[in-house]
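Only one structure is covered here, and it is reproduced in the block below.
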There are 2 protein chains.
Amino acid sequence: MQTQAQVRSANLAAVLGHLRDDGPRSRARLATDTGLTKATVSSLVGELVDRGLVAEGELHRPGSVGRPGTLVELDGRGVCGIGVEVNVDYLAVLVLDLAGAVRWQDRLAVDTAALPPAQVLARASAMIWQARTEHPAVGVTVAFPGGVQGSVVRTAPNLPRWVGVDVAAGLAGQRLPVTVANDADLSALAEWSAGPHAHVADLVYLTGEIGVGGGVVTGGRLLRGSTGLGGEIGHLALTPGDEPCGCGRRGCWETVVGLAALLRAAADPGDPLRDPGRDLEDRLAEVRARARAGDARTLAALADIGTGLGVGSAVLVSLFDPAVVVLGGYFAVVGEFLLDPLRAALAARVEDADRVVLSTLGFTAAVRGGAHVALQPVFSDPTTVPLMEAYA
Amino acid sequence: MQTQAQVRSANLAAVLGHLRDDGPRSRARLATDTGLTKATVSSLVGELVDRGLVAEGELHRPGSVGRPGTLVELDGRGVCGIGVEVNVDYLAVLVLDLAGAVRWQDRLAVDTAALPPAQVLARASAMIWQARTEHPAVGVTVAFPGGVQGSVVRTAPNLPRWVGVDVAAGLAGQRLPVTVANDADLSALAEWSAGPHAHVADLVYLTGEIGVGGGVVTGGRLLRGSTGLGGEIGHLALTPGDEPCGCGRRGCWETVVGLAALLRAAADPGDPLRDPGRDLEDRLAEVRARARAGDARTLAALADIGTGLGVGSAVLVSLFDPAVVVLGGYFAVVGEFLLDPLRAALAARVEDADRVVLSTLGFTAAVRGGAHVALQPVFSDPTTVPLMEAYA
DNA sequence: GCTATTCGTTCGGTCGTTGCACTATTGTCT
DNA sequence: AGACAATAGTGCAACGACCGAACGAATAGC
């Protein structure tokens with residue numbers, strides 16, 4: 001009752017993984033790709049069809065002689081993964097189907113810092129229920145801006161009330177597996193799984209918010225420390241500097257390249273950019289507008305940020321030697337003004353500075369990564385999805 | 001001809017791994033540990049005995065009722081792994097048996113930098129042959145102080161003639177699988193596999209030579225960049241500083257905490273410690289002697305090194321959050337004078353500064369890690385070892 | 001229409017694990 | 001001393017998964 005089924009699971013997973021990574025293909029092609037026999041692949045595909053995970057598609061004409069093969073492809077209708085993001089001023093939900101298509105998306109402005117966590121989670125749960133009315137979910141992953149152990153928040157610089165909260169417990173009513181993880185980590189996974197640089201072996205993701213977060217994928221796996229590194233990248237002393245940081249120390253990287261640093265450098269205290277009551281995205285949009293208009297001070301501030309990013313990235317690049325460094329969050333929004341000084345600073349310190357690119361996933365990276373993680377168990381062991389009844 | 005045998009291999013590996021990690025135990029205990037059936041374990045153990053990998057030991061009395069079990073333990077006589085270290089002024093060889101015991105050890109002073117690589121490898125090969133006369137080897141791993149891709153040296157700051165040399169090709173006459181890897185990486189693996197902190201999930205190893213090397217184990221696996229990070233830790237700008245470095249840049253960590261920096265700070269140019277013709281180990285011993293005698297300047301120099309180590313380690317600790325940071329090389333030799341300032345600097349920046357410890361493996365760490373790597377294939381797939389004939 | 005070619009399925013065979021029965025060996029209780 | 005309980009290890013039939021070869025199916029080209 002052990003290894004027999006494990007072999008089956010592993011082979012089902014191999015077939016499913018090939019279909020995900022290399023696209024639809026015939027059974028015969030799957031056989032040569034996986035090294036299994038045509039007979040075995042037929043049996044495996046049959047079981048995956050019964051579980052609602054794959055479906056037969058069109059005939060495949062290879063343009064040459066011989067009987068055309070029947071394309072087998074992932075069946076998106078079967079199962080979906082749900083990613084939820086709890087952030088300082090909003091909740092977001094995204095539903096990804098097995099084929100990687102976005103099936104549903106929702107966003108709700110919520111003052112997470114002011115409300116009790118339980119109420120926030122109740123709203124998140126309602127959003128999840130709505131998503132589930134149309135999409136069969138197998139799991140939920142919650143992206144949280146802080147350090148998480150198990151499903152309990154350990155550190156949350158911007159949401160101090162959440163420390164100690166068990167996020168999964170707040171969603172237990174869903175009767176679904178709930179995973180909780182750092183938002184930057186999940187964003188890194190999203191870039192690794194779906195972006196234009198999908199499945200590179202090593203990837204570093206940096207996201208600019210008020211602070212700076214980061215996630216690292218090495219050897220195809222997310223790097224986690226014994227407690228989960230998560231938001232710590234922003235609090236490294238990667239660049240010279242002596243600004244006091246909210247964490248109590250001085251010279252943290254995010255005091256140099258965080259959004260707060262940009263606003264401080266780009267505008268004097270009386271400037272509307274420095275108005276703490278104003279929405280951050282508005283202010284960021286204005287920064288970009290000023291830069292596009294050629295405002296010298298704004299451009300200089302952005303160039304300084306870019307240089308700081310380059311100096312700090314040099315350390316990360318030397319350590320991890322990633323194939324690509326992806327910039328997300330506000331870095332991507334004003335990236336056009338950051339990249340040149342960044343690459344210049346990086347090129348002075350490491351060999352290949354062109355590996356720094358801007359994220360194309362925007363602010364959905366975290367939820368997307370969450371949904372991807374929620375689907376992971378299906379790809380690792382397709383037998384977790386129950387067999388469907390045969391309808392005639 | 002595919003998955004059937006893979007199941008067998010995986011289960012053989014599971015049994016062998018349990019015996020390595022958790023010590024000798026009875027078949028019944030193995031069955032409950034692995035989740036396999038007693039019958040299956042009996043069969044697996046039988047095959048492992050036939051391959052000369054395990055042997056039956058004494059009876060095991062659990063102190064309670066019932067028939068006592070027969071202990072099954074790793075059989076060291078069967079196969080050995082060989083670790084070879086090519087370093088600037090010596091060659092070293094160490095033979096590890098399956099049970100993790102050191103079976104043989106040798107060291108030869110060789111001016112590697114002056115001789116042609118082929119000649120050095122010929123001497124190494126002779127040392128390996130001598131080791132093999134008594135110990136049946138399944139593989140050789142060469143530790144090299146530089147960056148390695150495949151078996152070809154890519155960077156070698158202290159052995160420039162070796163760049164481009166295919167080290168495995170120089171040992172092809174052995175007719176054994178030859179692996180080549182960075183010496184610090186292998187040392188990190190050695191600490192992870194054998195030291196007092198064996199099998200912690202995350203471990204950072206730092207070694208002080210003329211430069212500074214490092215290896216990182218995260219999630220039980222050695223961290224490698226797309227090209228192999230290896231010696232790059234020494235060339236990160238982890239601490240403030242502006243000294244020119246041999247790599248062409250300024251402010252590299254090893255200009256602050258490398259052995260060269262220590263000697264510079266501890267003695268004036270005329271001092272015998274600064275005599276470039278003198279053996280480094282001699283000079284290092286003299287540094288330690290002066291420190292133990294209470295020489296103020298030496299102690300101050302060591303304290304500065306310790307502080308620099310602490311500041312730089314803070315970045316590594318924050319990034320990787322390892323359970324332990326192991327100091328090897330010269331750091332371990334004079335560690336008694338480094339640890340206090342190091343921990344002070346580290347404690348100011350991260351939570352747990354006590355995780356920094358000194359290596360107990362000394363200068364054999366690299367060869368030990370190499371031998372461990374050479375044995376790895378046996379533990380991953382025990383069927384690679386041929387069946388032995390039955391002697392009556 | 002015939003052949004070559006490729007696709008997918010059917011069927012017997014091999015192999016490894018399982019579950020149970022059975023023997024072996026020891027401690028404990030009467 | 002003898003019976004009983006408990007634990008260790010092995011033998012055997014059965015099951016499940018994959019493999020290899022053979023077969024029917026579908027298409028292009030002649």
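Worth knowing before you read on, the calculation uses all heavy atoms, side chains too, and leaves out hydrogens, waters and symmetry mates.
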Between [X] and [N], is there a side-chain N or O to OP1/OP2 distance below 4.0 Å?
X: A/Asn11; N: D/dA17; value: no
X: B/Thr70; N: D/dG9; value: yes
X: B/Thr40; N: C/dT17; value: no

At a heavy-atom distance below 4.0 Å, what parts of residues 15-24 of chain A sit against DNA chain C?
none
Starting at atom [atom1] of [X], determine the distance to atom [atom2] of [N], rounded to an integer number of angstrom.
X: B/Leu36; N: D/dG9; atom1: CG; atom2: C1'; result: 15 Å
X: B/Arg67; N: D/dG9; atom1: CZ; atom2: C1'; result: 5 Å
X: A/Lys38; N: C/dT5; atom1: NZ; atom2: C1'; result: 11 Å
X: B/Leu12; N: C/dC15; atom1: CG; atom2: C1'; result: 14 Å
X: B/Leu44; N: C/dT17; atom1: CG; atom2: P; result: 5 Å
X: A/Gln6; N: C/dG16; atom1: CD; atom2: P; result: 16 Å
X: A/Glu47; N: D/dC18; atom1: CD; atom2: C1'; result: 14 Å
X: A/Gln4; N: D/dA14; atom1: CD; atom2: P; result: 16 Å

Indicate whether the side chain of A/Ser43 and that of A/Arg8 have a donor and an acceptor atom separated by less than 3.5 Å.
yes
Does a side chain donor of either A/Asp166 or A/Ser151 reach within less than 3.5 Å of an acceptor in the other side chain?
yes
Looking only at the side chain of [X] (C-beta and beyond, no hydrogens), which of the listed nucleotides [options] gets closest?
X: B/Arg8; options: D/dA17, C/dG16, D/dA8; value: C/dG16
X: B/Ser26; options: D/dT10, D/dA26, D/dA8; value: D/dA8
X: A/Thr3; options: D/dG9, D/dT27, C/dT18; value: C/dT18
X: B/Thr37; options: D/dC19, D/dG9, C/dG19; value: C/dG19

With no hydrogens and no angle check, is any side-chain donor or acceptor of [X] less than 3.5 Å from a backbone partner on [Y]?
X: A/Asp75; Y: A/Leu53; result: no
X: A/Ser26; Y: A/Arg29; result: yes
X: B/Arg20; Y: B/Phe379; result: no
X: A/Thr141; Y: A/Gly370; result: yes

Can you confirm whether more than 12 heavy atoms, excluding those of A/Arg132, are under 6.0 Å from its CZ atom?
yes
Heavy atoms under 4.0 Å, any strand shown: does B/Ala39 hit a base, just sugar-phosphate, or nothing?
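Base contact.
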